[in-house]
Student: 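Let me give you the structure first, and then I'll get to my questions.
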Amino acid sequence: MIHVAILGYGVVGSGVAEVLHENAGAIGRRAEEEIGVKYILVRRDYPDSPFRDRMVRDFSRIEQDPQVEVVVEVMGGTGAAKEYTERALRAGKSVVTANKELVAEHGYELLQLAREHGARYLFEASVGGGIPIIRPLSQCLAANEIEEITGILNGTTNYILTRMIRGGLSFEAALKEAQDNGYAEADPTADIQGHDACRKICILASLAFGRHIYPRQVPTQGITELTGADVAYAGSAGYRWKLLGRAIRQADGRLCIYVAPHLVEEENPLSGVEDVFNAITVKGNAVGDVMFYGRGAGKRPTASAVVADVMDVAKHRKGPGELSWAPGGEDTVAPADALESRWYVRLAEAAALPEGVQELTRPDAPAGERAFLTGAMSGAQLRESLSGFGRVVLAQRVLD
């Protein structure tokens with residue numbers, strides 16, 4: 001019997017307990033050993049929970065119990081979650097997590113700590129919810145040099161953009177609808193400002209390219225500046241807006257990594273990823289392009305990925321963990337501004353346009369407003385080319 005302790009009983013924590021209970025027979029057969037929940041660490045009582053008899057308030061009970069081999073950390077944040085993760089690993093207990101903030105900020109040191117104490121640190125659910133991506137990157141695509149990762153990594157922003165495009169809603173109305181439907185938090189800052197996507201692309205890049213990438217190294221923009229006007233201009237040329245996290249290997253080995261809204265052609269598979277779904281494309285030098293698609297969040301999809309990691313520990317707990325990367329540093333990242341691409345630009349009070357651009361139109365555009373697509377150029381070249389042509393309201397990349 002593998003005894004598991006779950007830290008946190010929110011949406012994901014309760015989902016993990018339910019999946020382990022409901023699918024106990026199949027999980028035991030596939031893991032080749034029975035797996036059960038012994039403790040659930042909580043901050044308050046849950047008198048109606050079927051797991052109330054396993055709930056505790058003191059982490060030291062979990063830490064000091066030699067029967068507990070796997071700790072599932074689904075608390076979130078980098079405070080108590082980091083402390084308890086470190087204590088569990090030092091006690092020789094493997095840790096499974098869905099905490100993308102903790103992995104993005106401290107993944108390297110926690111992986112090292114796990115290795116030092118004969119434990120494992122797994123985080124399949126930290127990126128893409130129920131979409132398998134961490135294990136495929138580390139195992140199935142291990143024969144490749146990864147050249148690029150591009151992904152729709154946040155379901156909240158994808159839902160908002162879908163409603164702006166499909167429903168004609170303003171950003172504010174689409175955000176409220178997302179909140180009303182439970183797709184966005186009361187404080188949606190981490191989603192709409194791109195921080196959540198930033199953490200996820202950091203994890204993917206660290207794993208794929210072999211050195212730790214910190215969120216502070218990643219230029220990040222959210223979707224708050226996009227309006228119905230930008231949606232209309234994009235649609236007139238056969239494009240849709242998507243918030244993308246991207247990591248691109250440069251010739252010198254450094255990464256160009258950033259998060260920002262992009263125009264995506266309707267023929268591109270990423271363009272058709274709608275509502276709360278996520279999609280991640282990976283380009284390898286041997287396999288070419290592959291795409292991973294599915295629900296990027298939610299109670300059951302995320303719990304599915306967490307439990308799969310628990311099962312992996314059960315089957316291979318005596319062996320070393322396969323997830324690892326080297327320390328980060330300032331030499332790991334190249335300036336994103338130097339990356340060349342086409343650009344979407346919207347100007348206000350513009351009497352003329354730069355040469356060689358593709359002008360876009362929309363109904364009822366105010367006088368002086370102009371929107372267009374440029375040829376391929378860097379961010380610095382774009383700024384130089386726009387000098388003297390009016391006030392720039394928005395400038396975002398086109399995904400080529």
Student: With a 3.5 Å cut-off and no angle check, do the side chains of Gln358 and Tyr344 form a donor-acceptor pair?
Tutor: no

Student: Is the closest side-chain donor-acceptor distance between Thr227 and Asp230 under 3.5 Å?
Tutor: yes

Student: Taking Arg199 first and then Glu105, would you say they form a salt bridge - that is, a charged N and a carboxylate O separated by under 4.0 Å?
Tutor: no

Student: Would you call Thr150 and Ile280 a side-chain contact if the rule is heavy atoms closer than 4.5 Å?
Tutor: no

Student: Between Arg246 and Tyr258, do the side chains contain a donor N or O and an acceptor N or O under 3.5 Å apart?
Tutor: yes

Student: Is it the case that Arg54 places NZ or CZ above or below the six-membered ring of Phe51, under 6.0 angstrom from the centre and within 45 degrees of the axis?
Tutor: no

Student: Is it true that Asp331 and Arg211 have a side-chain N and a carboxylate O under 4.0 angstrom from each other?
Tutor: yes

Student: Check the side chains of Thr97 and Glu73 for a donor-acceptor pair under 3.5 angstrom, ignoring hydrogens and angles.
Tutor: yes

Student: Is any side-chain N of the basic residue among Glu147 and Arg249 closer than 4.0 Å to the acidic one's carboxylate O?
Tutor: no

Student: Check whether the side chains of Asn181 and Tyr159 place a donor and an acceptor atom closer than 3.5 Å, and report yes or no.
Tutor: yes

Student: Is it true that atom NZ of Lys299 has more than 12 heavy atoms of other residues, nucleotides or ligands lying nearer than 6.0 Å?
Tutor: yes

Student: Flag yes if more than 12 heavy atoms outside Glu116 fall under 6.0 Å of its CD atom; otherwise flag no.
Tutor: yes

Student: Kindly state whether the ring of His117 and the ring of Tyr121 have centres lying under 6.0 angstrom apart.
Tutor: no

Student: Donor-acceptor pair, distance only, cut-off 3.5 Å: does the side chain of Lys82 make one with the backbone of His106?
Tutor: no

Student: Tell me whether Asp275 is salt-bridged to Arg295, with the criterion being a basic N under 4.0 Å from an acidic carboxylate O.
Tutor: no

Student: Are there over 12 heavy-atom neighbours, none belonging to Glu267, within less than 6.0 Å of that residue's CD?
Tutor: yes

Student: Please confirm whether Arg61 makes a cation-pi placement over Phe59, using NZ or CZ under 6.0 Å from the six-membered ring centre and within 45° of the ring normal.
Tutor: no

Student: Could you check whether Tyr214 and His212 have their ring centres less than 6.0 Å apart?
Tutor: yes

Student: If we count only N and O atoms by modelled type, under 3.5 Å, do the side chains of Tyr9 and Ser49 hold a donor and an acceptor together?
Tutor: yes

Student: In this structure, are over 12 heavy atoms from other groups packed under 6.0 Å from Glu266 atom CD?
Tutor: yes

